[in-house]
Structures are given as C-alpha cells and as structure tokens.
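The structure under discussion appears below in the form of structure tokens.
Quantities reported herein were computed from a predicted structural model and do not represent experimental measurements.
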Amino acid sequence: EKGGYDYFMLKEIAEQPKAVADTLLGRIDVSGSLRLDELRMTAAELREVDKVVIVACGTAFHAGMIAKYAIEHWTRIPCEVELASEFRYRDPILDPRTLVIAISQSGETMDTLMALRHAREQGSKVLAICNTNGSTIPRESDAVLYTHAGPEVAVASTKAFLTQLVACYLVALYLGQVRGTKWGDEIHVVIRDLSQISREVERVLETMEPVRELARSLAHKNTVLFLGRHVGYPVALEGALKLKELAYMHAEGFAAGELKHGPIALIEEDLPVVVVVPSPRGRSVLHDKIVSNIQEIRARGARTIVIAEEGDEAVVPYADHLIRIPATPTLLQPLVATVPLQVFACELATARGNEVDQPRNLAKSVTVE
Ligand code: F6R
C-alpha cells in the first residue's frame, strides 16, 4: 500500500500535486469565480464578518500563519492566528461577527476542538478546514471546507499541509470575492494562478535529487537553522518542525529580520542555514532585505542553503547550495517552497537511520490536551 515507495511519507510527498488539484476541484467555476457554498454562510453574513481568528496546532498552525497574510491582503479583514492550546486560556475577544477558522488534518486534535468549543460558546461561527470526513472537529463546527489530500498515514504532515494552504487561500479569496474588495482584479489573477499551481508542485518534485544529496551530506550535523520573511517565515518554521520531528536535530526557524536581535549569535563556521527567498518581482523590498541577510550570515561563516525562484540571479554569489523553485505570486510561494524542506527532512532522517513514518514520541493525532 506504499505504492512502491519505501515510506508513506515519500508517497505522500509525491501525491502533493494531485492533493492540491483535488482540493481545488469543483470549487472554481468556468468563469474563474469561486463556488464555496460549503461555507454555509450567505454573502450578507460574510459581509458582516469583521474579524477572522484562526486556531490550529503544529503544521496546521503554520498553514494558519500563512493564511493570515492572504486574508488580510485580499480582504482587509483583520486576522489573528493563535496556537489552539493557548487560545481559550487568555479570554480572547470573540463575538458573532468573528469568523473562527479551525484547521486540522485529523479533525480530532483536542486542543483545537477545545478552542472551537470555546469560540462557539462566545457566539462566533466556526469554519473547520479538515481532511477527515465526519471527524469530531467538522461535526462540531458550523461549516466545513474539506481538504482532499486523501488519507495521510505518515506522522509528519506533508500533503495535508499543502491542501490546508489551498483551502485557506480559497476562503481568503472567497471572502474577497463576496465582499468586493479593491483587490477584485488581483483576486481573479490569483484564482487562475492557483488553478495552475499543482503543475508547479510537480515540477519541484522532479528536481529534488540534489536536495536529497545535500541532506545526506549534512546527516552528521547537530543544528540547522531556517530563515524566511513574510510568508517565507512560516515556511521556515515548518522546515524546522519537519527536521525536529523526523531527524531529531536541533532546528529552529526565524524571521530573517529578527537575526540581528539575537539569533545571529548562533552563526558559526559551517553551520547550515536554509533561507527561503521571496520573489524578486512584486514586493522586491522583501527580496533585497533577505539578500543582505544571506550576506550577513555568510560573512560569519554560515553554509547557506538558498531556496530561490528560477531566474533570481541576485542570490547566486551568496548561495553555497542553491535550490530552485518555480516563479509564483508571493502569497502562493509556500506551496512550492515547502516541498524541498519536506524532502530535505525526510532524507536527512533516513540517512540518520530514523523511522520516518513513525518518529519517536509522536502520535498521528493528539487527542489529549
Ligand atoms: C507535524 C504534525 C503535527 C500536526 C498537529 C496538528 O508534522 O503532523 O504538528 O500538524 O498535531 O494535527 P491536526 O492537523 O490533525 O490537528
């Protein structure tokens, strides 16, 4: 049932183009507009929403962090994202105009369930983004948008994460569409780009051999750091989480702008640092900032592993290892930038002799608080 792969995780990484395409299927109509009756909220109700709050754990939380950038940019609705395990203990401000989005692959994560119960008690509507039909979280929510990743068996989440991102983009774009924000034109372009993105994920998968080779060469290391800005920051956190849980290595993700506020002290000779570089097109200021971050860490001896868009030449002089990803709109980049990090962690774990599908101390769904 591993379909010819040694591990479920490898199979699930390979299934990502299909998972992404399946999650979009039937949700974009022929005119290029979104159809999301599943949200079970009328256009009038959606126009009433004045705040979005996202709750989730682990990898699903990283999807939520990325969703915040998309929701605020495309809809101008303020969006908070919070770890489900922290949420209800701080007496969050919620009311009927708050839309709460609970993201969960399994639909059984106790922290996320408790957060959504708390939100509903305060009168907020809860939308679940979930991969498991009929599980507890969608059953207890007002509405559910299912991700169509298919069953995810490996403990480390891969294809579920990409489909959670797709679902979040769909919700964000739909809110924008229904509310008729000033980003109307951009929304149509993004819907088109999103509908073609599964092919780009496929292209990334075709070029992963050098990433595997690099991972094997780093199997003896103790620490790997990950840096990103904007949506590249949650991607960096996700890369670090994958490496922790699979390779049992010390791995940390940082917002690149925070470097000089502390983490740069960690940089030493030959320390591997993975940097997720935003597109040089569009918000180029982000790009230029990160190029100088790469220079700074390299000057202090870091071994730089740079994930950058095809055609981005500015990074070449500072990259000890360069991993190319296809050009995508900035907000969609996590769909392609995360894939090399999954492959990297999986290969490094294998090289260290770890059990990839069933890492020590971890369970696929965490049904205790
Ligand atoms: C990481 C991982 C976990 C889950 C988290 C939430 O690879 O799998 O961090 O993402 O436990 O699980 P769900 O999405 O089932 O609520």
Side-chain angles (χ1 to χ4, degrees), residues 54 59-74 79 81 158 161-162 164-166 168-169 172 190 193-194 197 200-201 204 211 224-244 251-261 263-264 267 272-298 302 304-316 318-345:
I54 302 175
T59 289
F61 173 72
H62 297 152
M65 286 179 77
I66 293 163
K68 176 186 162 83
Y69 290 88
I71 289 172
E72 292 195 337
H73 181 67
W74 291 328
C79 176
V81 48
T158 54
F161 176 68
L162 259 63
Q164 284 161 354
L165 288 177
V166 169
C168 288
Y169 293 134
V190 179
D193 290 336
L194 193 56
I197 202 101
E200 305 301 336
V201 177
V204 177
V211 175
V224 180
L225 302 184
F226 295 77
L227 299 180
R229 272 179 187 266
H230 192 261
V231 292
Y233 167 43
V235 170
L237 295 178
E238 175 62 8
L241 179 62
K242 288 283 99 85
L243 203 60
K244 279 175 214 166
E252 270 192 273
F254 297 110
E258 273 293 293
L259 261 183
K260 57 187 168 303
H261 301 289
I264 200 161
I267 306 294
V273 185
V274 179
V275 189
V276 183
V277 180
S279 168
R281 304 160 298 117
R283 266 158 276 188
S284 58
V285 88
L286 279 175
H287 176 268
D288 298 349
K289 286 251 160 72
I290 213 154
V291 173
S292 42
N293 293 141
I294 302 173
Q295 285 175 259
E296 281 158 15
I297 56 169
R298 199 160 185 268
T304 57
I305 302 165
V306 176
I307 301 182
E309 201 174 283
E310 283 157 3
D312 180 350
E313 296 307 320
V315 296
V316 174
Y318 314 111
D320 294 310
H321 307 273
L322 187 53
I323 300 169
R324 288 296 191 186
I325 52 174
T328 52
T330 304
L331 282 163
L332 301 187
Q333 197 202 48
L335 287 169
V336 291
T338 307
V339 176
L341 302 181
Q342 299 166 340
V343 171
F344 181 74

- [ ] Taking the side chain as every heavy atom from C-beta outward, state whether L227 and L259 have any atom pair closer than 4.5 Å.
- [x] yes

Open item on the list: Within this structure, what is the OG1-CG distance for the pair T304 and L225, rounded to the nearest 0.5 Å?
Closed with: 12.5 Å

Open item on the list: Quick one, F226 and L243 - any side-chain contact, counting heavy atoms below 4.5 Å?
Closed with: yes

Task: Side-chain heavy-atom pair Y169, V190 within 4.5 angstrom cut-off - done: no

TODO: Taking all non-hydrogen atoms of both residues into account, name the closest pair between P278 and D312 and its distance.
DONE: O-OD2, 4.4 Å

- [ ] Could you walk me through whether R298 and D320 pass the side chain to side chain contact (heavy atoms under 4.5 Å, CB included) test, one step at a time?
- [x] CA-CA 9 Å; R298 199 160 185 268; D320 294 310; 2.8 Å; yes

TODO: Report yes if the side chains of Q164 and I66 come closer than 4.5 Å at any heavy-atom pair, otherwise no.
DONE: no

Open item on the list: Ignoring hydrogens, what is the shortest heavy-atom contact between N293 and G257? Give both atom names and the distance.
Closed with: OD1-N, 4.4 Å

Open item on the list: Please give me the minimum heavy-atom distance between V291 and A314, naming the atom from each residue.
Closed with: CG1-O, 4.2 Å

Task: Derivation and outcome, side chain to side chain contact (heavy atoms under 4.5 Å, CB included), residues V339 and L162 - done: CA-CA 9 Å; V339 176; L162 259 63; 4.1 Å; yes

TODO: Kindly say whether M65 contributes a backbone atom to a donor-acceptor pair with the side chain of Y233 at under 3.5 angstrom?
DONE: no

Open item on the list: Taking the side chain as everything from C-beta on, heavy atoms only, tell me whether I307 gets closer than 4.5 Å to V235.
Closed with: no

TODO: Mind checking ring pair (Phe, Tyr, Trp, His ring centres under 6.0 Å) for Y318 and listing every partner two or more places apart, or none if nothing turns up?
DONE: none

TODO: Heavy atoms only: give me the nearest P280-E309 pair and the separation to one decimal.
DONE: CD-OE2, 3.9 Å

Open item on the list: With heavy-atom distances below 4.5 Å as the criterion, would you say the side chains of L332 and E200 are in contact?
Closed with: no

Open item on the list: Quick one: does any side-chain atom of R281 pair with a main-chain N or O of T328 as donor and acceptor, under 3.5 Å?
Closed with: yes

Open item on the list: Tell me which one of V277, I323, V276 satisfies side-chain contact (heavy atoms from CB on, under 4.5 Å) with V306.
Closed with: V277

- [ ] Dump the intermediate steps for side chain to side chain contact (heavy atoms under 4.5 Å, CB included) on I297 and V275, then the final yes or no.
- [x] CA-CA 10 Å; I297 56 169; V275 189; 4.1 Å; yes

Open item on the list: Holding to side chain to side chain donor-acceptor pair (under 3.5 Å), I want the full list of residues that pass it with Q333, two or more places apart in sequence or in another chain.
Closed with: none

Open item on the list: Do L194 and L335 make a side-chain contact, defined as non-hydrogen atoms from C-beta onward lying under 4.5 Å apart?
Closed with: yes

Open item on the list: Please find the pair of heavy atoms, one from V204 and one from P340, that lie closest to each other, and give the distance.
Closed with: CG1-CD, 4.0 Å

Task: Backbone of R324 reached by a side-chain donor or acceptor of E310 within 3.5 Å - done: no

- [ ] Working to the nearest 0.5 Å, report the span between NZ of K244 and CD of E252.
- [x] 6.5 Å

- [ ] Enter the distance from F61:CZ to L241:CG here, rounded to the nearest 0.5 Å.
- [x] 11.5 Å

- [ ] Could you walk me through whether L331 and W74 pass side chain to side chain contact (heavy atoms under 4.5 Å, CB included), step by step?
- [x] CA-CA 10 Å; L331 282 163; W74 291 328; 3.7 Å; yes

TODO: Not counting sequence neighbours, which residues clear side chain to side chain donor-acceptor pair (under 3.5 Å) with E238? List them please.
DONE: T59, H62, K242

Task: Donor-acceptor contact present, side-chain S292 to main-chain K289, <3.5 Å - done: yes

Task: Heavy-atom closest pair, residues L322 and A308 - done: CD1-CB, 4.3 Å

- [ ] Would you mind reporting whether Y69 and T330 have side-chain heavy atoms less than 4.5 Å apart?
- [x] no

